[in-house]
Amino acid sequence: MSYDQRLKIPITLLTITVFFGHLLPVVNYYQLLVVILVCTVLVTFKEAKVSINNNIIWLLCVLILCMSLLLSSDASSTLRFLLMFLAILFIKIIYESQFHWQDFLIKMFFYCSFIHVFFTILQYLLPSVITTINSIVLSATDNGSNLTLLSGGNYAGITGQTGINAFYISIFIAIVFSKLLTESNKKLLLILGLIVAIIALFLTAKRSQLVVNGIAMFIVFALMSRNKRGFTLKNAYIPIFVIFLGYIILNYVPAAGHLVEKFNLLSDADDVTNGRTDLWELSINIFKDNPILGVGAGTILSHIGEMAHNIYIQLLAETGIVGFTCFTLAFLTSLVNSIIIINRTRSLSGNLKLPLSVGLYLQIYFLLYGLSGNPLYSPIYLLPYMIMITVVNSVYKEIKSKV
C-alpha cells in the first residue's frame, strides 16, 4: 500500500467520526479522537515533515488552556476540553504537511453529508420509515429527542438534534455550491443537489443555519468569482438562483412554513434569540467577575446550567480577556490567511480548486454559527473546522511545490 493510500485510513476514520460517531454507542467522541490521532501518527511518522509555522497562535491557545486548567472551577471539564482541542490540533498540524489527501476528504464529506440530506428528506416524506430506523440506530436519548422534534415539525434526520443535522446538510451545500463555482461539468445535477439540500435545511427549521449559509455563500461567491481583471459575472446566476429557490421553498413547501411560524412566535414574544440573551447576560456577568483569565475553559455549564450559545461570549467568561483575545486572533488569522491563499493561488495556477472553496466556506460557517451556537465545544464541529483550515494551507503548499 502506497503512502498516499495509507493517508486515507485516518481520513476515513475522521469522516466516520464526524458524520456517524453518534451512531456508535460503545465509544464516545473523545475515544474516537484518540484513535484518529494514533492512526494519523502511525501512518505518517516516517514520512511527515511537520511544521508549526501556521499554528503558533493555536499553540498559544493551548498554553492559555493549560493556565485555565490550573485556575479552573471545574478541572475535569477544562481538562476534557483541553485534551479534545489538543488532539484535534495535532491532527491539523500533521496533515498540513501532507499532499494528495484533500480531494479524498472532500469526496468522503460529500457522500457522507448527502446521506444526512437523503434521510432528512425521507423523514419528511416517510416519517414512519425513519422512525423505525432511528429506533434501531440511535441511542434512547437521541431517539426520544428526534421524536420530540419531529412532533413539532422539526426534522433531525438520523440524529438527535436539528442543529447537528443542519450542520451535516450545510457541509453538503458547501461542497455542491463550491463545485458550481469551480467545476464546469454536471451543472444540472449539481443544481438539483443544491435544491434538495436547501429544502432539507429548511426542514430542520434552524434559522441561524439558514442565515449563516446565506452569508457564507455570498462571501465565497464574491471571493471565488474574481479573476486577475476583477469580478466576473460568469457564475452570477448562482446567488440569484439560491435567492429565488429560498423564496419558492418558503411559499410552496408546507414544512418550511413552520420556520416562518417559529420566527413569528419569537418576534411576538420580543425574543428572536430564543432565550439566548439571558444566557449571554449571565455569561457576561461571570466575565465581569473574572475578567483576566475567566473561570476555566469548558466550565460555563456548571455556572449557568447551559452553554452560552455564543462561543465568543463563552470564551470571555471561561478564559477571560486573555483567552478570548488569543482564540479570536487564531480564528481571524486563519480566515484571513485562507483568503490570501486563494488570491495567491489564483495568480500561481490561474484557477482555483474545489478544496479551497469548501475550506473557506466552512471556516466562515463555523465562525458565524459561533455567534448563536456552541461549535467550539464539540468535536463534531471543531474537527471539520480545523481540518478545513488544514485543507487550504496544504493545498497551497502543494501548488507552490509544483510552481
Look up atom [atom1] in [X] and atom [atom2] in [Y], then write down how far apart they are to the nearest 0.5 Å.
X      : Y      : atom1 : atom2 : answer
Leu138 : Ile130 : CG    : CD1   : 10.0 Å
Ser357 : Leu181 : OG    : CG    : 5.0 Å
Ser378 : Ile164 : OG    : CD1   : 6.0 Å
Leu360 : Ile339 : CG    : CD1   : 6.0 Å
Thr333 : Ile389 : OG1   : CD1   : 10.0 Å

- Tell me, with the steps shown, if Glu398 and His100 meet side chain to side chain donor-acceptor pair (under 3.5 Å). CA-CA 8 Å; Glu398 190 170 338; His100 313 307; 3.1 Å; yes
Taking the side chain from [X] and the backbone from [Y], do they hold a donor-acceptor pair closer than 3.5 Å?
X      : Y      : result
Gln5   : Ser2   : yes
Asn165 : Thr204 : no
Lys397 : Ser97  : no
Glu318 : Leu315 : no
Asn374 : Tyr377 : no
Asn28  : Gln31  : yes
Ser135 : Thr132 : yes
Trp101 : Tyr95  : yes
Ser283 : Ala317 : no
Asn213 : Gln209 : yes

- Task: Verify side-chain contact (heavy atoms from CB on, under 4.5 Å) between Leu82 and Cys66, making sure each step is shown before the conclusion.
- Result: CA-CA 7 Å; Leu82 169 61; Cys66 291; 4.2 Å; yes
Hey, can you pull the donor-acceptor pairs under 3.5 Å for the side chains in residues 9-21, sequence neighbours left out?
{"unit_1": "Thr12", "atom_1": "OG1", "unit_2": "Lys8", "atom_2": "O", "d": "2.7"}
{"unit_1": "Thr15", "atom_1": "OG1", "unit_2": "Ile11", "atom_2": "O", "d": "2.8"}
{"unit_1": "Thr17", "atom_1": "OG1", "unit_2": "Leu13", "atom_2": "O", "d": "2.9"}

Taking atom [atom1] as the centre, does [X] end up with more than 12 heavy-atom neighbours from other residues, nucleotides or ligands that are less than 6.0 angstrom away?
X      : atom1 : value
Glu281 : CD    : no
Leu188 : CG    : no
Phe218 : CZ    : no
Leu23  : CG    : yes

- Task: Starting from the C-alpha separation in whole Å, work towards a yes-or-no answer on side-chain contact (heavy atoms from CB on, under 4.5 Å) for Ile52 and Leu59.
- Result: CA-CA 9 Å; Ile52 63 171; Leu59 290 170; 4.0 Å; yes
- Item | Those residues that, when tested against Ala174, pass side-chain contact (heavy atoms from CB on, under 4.5 Å) (two or more places apart) | Tyr361, Leu362
- Item | Set of side-chain contact (heavy atoms from CB on, under 4.5 Å) partners for Arg6, sequence neighbours left out | Met1, Tyr3, Val43, Glu47
Determine the minimum heavy-atom distance between [X] and [Y], stating which atoms define it.
X      : Y      : value
Met84  : Pro379 : SD-CD, 3.4 Å
Leu149 : Gly160 : CD1-O, 3.7 Å
Ile321 : Phe287 : N-CE1, 3.9 Å
Ala308 : Ile300 : N-CG2, 4.2 Å
Leu33  : Ala87  : CB-CB, 4.4 Å
Ser68  : Gly296 : OG-CA, 3.2 Å

Taking side chain as C-beta onward, heavy atoms only, is [X] less than 4.5 Å from [Y]?
X      : Y      : answer
Ile158 : His116 : yes
Phe221 : Phe177 : yes
Ser76  : Asp74  : yes
Ile106 : Met388 : yes
Leu86  : Val62  : yes
Thr299 : Ser302 : yes
Leu210 : Lys206 : no
Ile304 : Asp278 : no

- Note on the structure: Which of Tyr111, Phe109, Phe114 passes ring pair (Phe, Tyr, Trp, His ring centres under 6.0 Å) with Phe172? It is Phe114
- Looking just at side-chain N and O atoms, do Ser73 and His303 make a donor-acceptor pair shorter than 3.5 Å? yes
- Any luck finding a side-chain donor-acceptor pair between Thr148 and Asn146 under 3.5 Å? no
- Sorted by first residue and then second, give each ring pair (Phe, Tyr, Trp, His ring centres under 6.0 Å) pair with at least one member in residues 309-330; sequence neighbours left out. Phe85-Phe327
- Ring-ring centroid check Phe167 Tyr381, cutoff 6.0 Å: yes
- Item | Step-by-step side chain to side chain donor-acceptor pair (under 3.5 Å) determination, Asn343 to Thr345 | CA-CA 5 Å; Asn343 289 327; Thr345 302; over 6 Å; no
- In sequence, state the C-alpha distance, the side-chain angles, and the governing distance for Tyr396 and Val392, and then conclude on side-chain contact (heavy atoms from CB on, under 4.5 Å). CA-CA 6 Å; Tyr396 182 57; Val392 175; 5.8 Å; no
- Begin with the C-alpha distance, continue with both residues' side-chain angles, and end with the deciding distance and a verdict on side chain to side chain donor-acceptor pair (under 3.5 Å) for Ser338 and Gln363. CA-CA 9 Å; Ser338 294; Gln363 284 184 66; 2.8 Å; yes
- Checking Lys179 against Phe110: charged group under 6.0 Å from the ring centre and within 45 degrees of the axis?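 Yes, Lys179 sits over the ring of Phe110.
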- Message: Please enumerate all residues that pass salt bridge (Lys or Arg N to Asp or Glu O under 4.0 Å) together with Glu306, with sequence neighbours excluded.
- Response: none
- Task: Go through Ser394 and Gln102 one step at a time and tell me if the side chain to side chain donor-acceptor pair (under 3.5 Å) criterion holds.
- Result: CA-CA 8 Å; Ser394 58; Gln102 305 92 343; 3.0 Å; yes
- Task: Go through the steps to decide whether Leu105 and Ile387 satisfy the test side-chain contact (heavy atoms from CB on, under 4.5 Å), and finish with yes or no.
- Result: CA-CA 9 Å; Leu105 174 85; Ile387 207 70; 4.2 Å; yes
- Just grab all the salt bridge (Lys or Arg N to Asp or Glu O under 4.0 Å) pairs involving residues 78-98, residues at least two apart or on different chains.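 Residue pairs passing salt bridge (Lys or Arg N to Asp or Glu O under 4.0 Å), neighbours aside: Lys92-Glu96.
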